[in-house]
Amino acid sequence: MSVLDDISYPLDNVDANRIAPGDIDKTFRSHCIDMISTAIGGKVLAYSDQWFAEATNLLTPTPPIRQPGKMVYTGAWYDGWETRRHNPEEFDWVVIQLGVASGTVEGVEVDTTYFSGNHAPAISVEGCFSQDDEEVISWKGSKGKWETILGLQTCGPSERFAWKLNKPTEKQYTHVRLNMYPDGGIARFHLYGHAIPVFPEDENAIIDLAAAQNGAVAVSCSDQHFSKKDNLLLPGRGKDMGDGWETARSRTKGHTDWVIVRLGAPGFVQKVIVDTAHFRGNFPQAVRIEVISWEGESEPGPEEEWKTILQDSKCGPDKEHEFECKQGDATGAVTHVKLVIIPDGGVKRLRVLGRREIKP
């Protein structure tokens, strides 16, 4: 008899499709953000147990690692969340506060990489909207006001598991709870969706239209060999060279690399900040900024008719470069920005400062 045969905790049926491990990134990373990553401000508020490995590891933005033979007080070291054996309750749980003001959910990933024999047999995910962290924590392993995001799903050893909701949530969530049946280990947990920002009441306020927390997404790029394009839109200036966007070295004369960002809201660009923090011998020699107002169903490609608002401008190492950008003949509010780096290299952050378009 399986431990999953006698679960009484109530969950709604949610229509979701399992995504093959090799298709996870291309399914979600081009139009969603991971709303619970520590890089964007996600935070573990409470957990049922973390005897073998800490729950906060679930939110680490980089892939899990392994250190065979490394032992700590509780046993073998694992890069993830692992609870005690023989849980007397139906499931272990961890409560997480999203790193954005609130968000809607499109998919879930649970990664059990390097957990084999001690992996989670099954999971479910619940969410709520609340401005009171203490109220959310007080529900612990009870139903409280939790609503089902993803019903009971089986997992297995050392693999990435992901599910795409056939009907993405319209409900906004501020917190989620990952339930693990009955106990075990999970390396990473990702919640893919769309940030619902809280914009200033002042309609003329200048904000970062390219901030992930304001709903921006890096939708495509020419290359991300060393580190991912999504890092460009994160808060702060990062901790090292690994949490920016870095391309492979080019060997072709006239080569350029690029990344396209869908802004969190259509707007009018006034200034751009290109930050090369930690990039000291591999910063781009110059950058160019182009914009477009796009209404197509798919995202614009680099071959579309982009308008240049910043001509090729010299860059240096480990520095925030501020560039005044006037939209000029770019009529109306723009929806996307393209950062072109010449010829290649690494950029830590991109800030696009401007005023939102306010429609009557």
Side-chain angles (χ1 to χ4, degrees), residues 19-34 37-40 60-66 79 109 111 113-114 160 162 187-188 190 192 210 212 216-262 272-290 299-304 306 312-321 336-352:
I19 305 298
D23 293 335
I24 295 172
D25 288 339
K26 66 181 180 183
T27 298
F28 297 113
R29 295 283 184 179
S30 64
H31 64 287
C32 295
I33 62 169
D34 179 5
S37 167
T38 53
I40 203 171
T60 302
T62 52
I65 62 174
R66 188 183 185 191
D79 183 14
E109 179 185 348
D111 185 351
T113 295
Y114 304 126
R160 294 175 69 185
R188 297 288 186 268
H190 303 293
Y192 299 116
V217 179
V219 297
S220 61
C221 66
S222 58
D223 180 86
Q224 50 183 345
H225 183 83
F226 290 107
S227 49
K228 294 186 178 299
K229 65 187 187 320
D230 312 81
N231 293 332
L232 285 169
L233 314 185
L234 296 175
R237 299 188 70 197
K239 60 183 178 63
D240 56 35
M241 204 167 61
D243 59 0
W245 170 54
E246 185 181 1
T247 68
R249 293 192 188 207
S250 62
R251 299 290 191 266
T252 305
K253 187 176 181 179
H255 178 87
T256 60
D257 279 314
W258 51 267
V259 61
I260 293 174
V261 176
R262 185 180 72 231
V272 169
I273 299 175
V274 177
D275 188 357
T276 58
H278 305 293
F279 290 98
R280 301 183 179 94
N282 51 353
F283 57 92
Q285 296 301 294
V287 297
R288 183 170 68 248
I289 300 293
E290 301 173 3
E299 301 291 353
E303 73 286 350
E304 301 296 341
W306 293 80
D312 298 3
S313 300
K314 185 176 175 56
C315 284
D318 197 19
K319 178 183 177 182
E320 284 186 304
H321 304 78
H336 294 70
V337 164
K338 180 167 66 170
L339 167 67
V340 180
I341 60 174
I342 306 167
D344 55 45
V347 175
K348 177 53 70 74
R349 299 288 186 263
L350 173 66
R351 310 294 183 208
V352 178

Donor-acceptor contact below 3.5 Å, side chain Thr247 vs main chain Gly345: yes

Validation row: Trp245, Leu339 side chains within 4.5 angstrom (heavy atoms): yes

Min side-chain heavy-atom separation Trp258-Arg288 under 4.5 Å: no

Heavy-atom check, side chain of Asp25 versus side chain of Arg160, under 4.5 Å: yes

Min side-chain heavy-atom separation Val217-Cys32 under 4.5 Å: no

Student check: side-chain heavy atoms of Arg188 and Thr113 closer than 4.5 Å: no

side-chain hydrogen bond (donor to acceptor under 3.5 Å, both in side chains) partner of Arg262, chosen from Glu299, His31, His336: Glu299

Note, Arg349 side chain near Ile273 side chain (heavy atom, < 4.5 Å): no

Which atom of Gly316 lies closest to which atom of His321, heavy atoms considered: N-NE2, 2.8 Å

Within 6.0 angstrom of Arg249 CZ, more than 12 heavy atoms from elsewhere: no

Validation row: Val261, Val352 side chains within 4.5 angstrom (heavy atoms): no

Test: Lys229 and Asp257 ion pair at under 4.0 Å: no

salt_bridge(Lys348, Asp275) N-O dist < 4.0 Å: no

Donor-acceptor contact below 3.5 Å, side chain Trp306 vs main chain Gly301: yes

Within-4.5 Å side-chain heavy-atom neighbours: Gln285 and Pro343: yes

His278 backbone acceptor or donor facing Asp318 side chain under 3.5 Å: yes

Donor-acceptor under 3.5 Å (Ser227 side chain, Asp243 main chain): no

Donor-acceptor pair, side chain of Asp312 and main chain of Ala286, under 3.5 angstrom: no

